[in-house]
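See below for the structure under consideration.
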Amino acid sequence: MVCQKCETKLGKVITPDPWKSGARNITEGGGRKLNENKLLGAKKSRYNPYTKAFGKCIICKVPCHQAGAHYCQACAYKKGICAMCGKKLLDTKNYQQSSV
């Protein structure tokens, strides 16, 4: 659960998405370059398990699965906040949520 501002910080998948109208990794319209060498091109969005970019969740201290995120996905869902910046996205006062 991330806000629109933080969607640009998310990594992109190498393979193009067949559902093109909502995909971020399409080749048409400047989305993804054709014949791009991903090893040389996208250094910041590539997964590297040895970096310290995968910090711990501020609330529950569990390691986050998203680079640059401050909250894990479970805590962001429960609180209704953006996992990267902590901005309130959803009013969860009247919701009965489960963490299952």
Side-chain angles (χ1 to χ4, degrees):
M1 179 176 245
V2 294
C3 61
Q4 284 186 339
K5 188 181 93 179
C6 294
E7 269 187 30
T8 58
K9 299 176 190 174
L10 293 175
K12 293 183 181 173
V13 182
I14 295 172
T15 57
D17 199 352
W19 180 66
K20 296 201 185 293
S21 64
R24 290 184 296 123
N25 57 352
I26 58 172
T27 56
E28 295 90 25
R32 186 176 67 91
K33 296 177 188 158
L34 286 174
N35 300 326
E36 177 189 13
N37 189 344
K38 293 302 259 186
L39 187 63
L40 300 173
K43 292 238 184 224
K44 71 175 184 103
S45 64
R46 192 172 11 150
Y47 174 73
N48 186 1
Y50 304 112
T51 63
K52 298 291 182 188
F54 299 98
K56 294 187 184 277
C57 175
I58 294 173
I59 299 170
C60 66
K61 308 296 187 241
V62 170
C64 296
H65 299 290
Q66 228 171 12
H70 298 293
Y71 301 96
C72 67
Q73 199 62 33
C75 290
Y77 171 73
K78 284 182 212 169
K79 303 278 185 190
I81 57 175
C82 173
M84 296 183 110
C85 65
K87 178 181 164 188
K88 190 79 168 171
L89 296 176
L90 194 63
D91 184 25
T92 58
K93 188 175 109 179
N94 295 326
Y95 288 4
Q96 184 173 0
Q97 294 179 329
S98 66
S99 60
V100 177

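Heads up: numbering here begins at 1 and tracks the sequence.
Atoms CG and OH, on Leu90 and Tyr77 in that order, are 9.0 Å from each other to the nearest 0.5 Å. The structure places NZ of Lys9 at 7.5 Å from SG of Cys3, a figure rounded to the nearest 0.5 Å.
Looking at residues two or more places apart in sequence or on another chain, you find a side chain to side chain contact (heavy atoms under 4.5 Å, CB included) between Lys88 and Ile81, Thr92. The side chain to side chain contact (heavy atoms under 4.5 Å, CB included) search around Ile59 returns Cys57, Tyr71, Cys75, Lys79, not counting sequence neighbours.
Closest heavy-atom contact between Lys56 and Lys61: CD-O, 3.8 Å. Across Ala69 and Cys64, no two heavy atoms sit closer than the pair O-SG, 3.8 Å.
No side-chain heavy atom of Met84 sits less than 4.5 Å from a side-chain heavy atom of His70.
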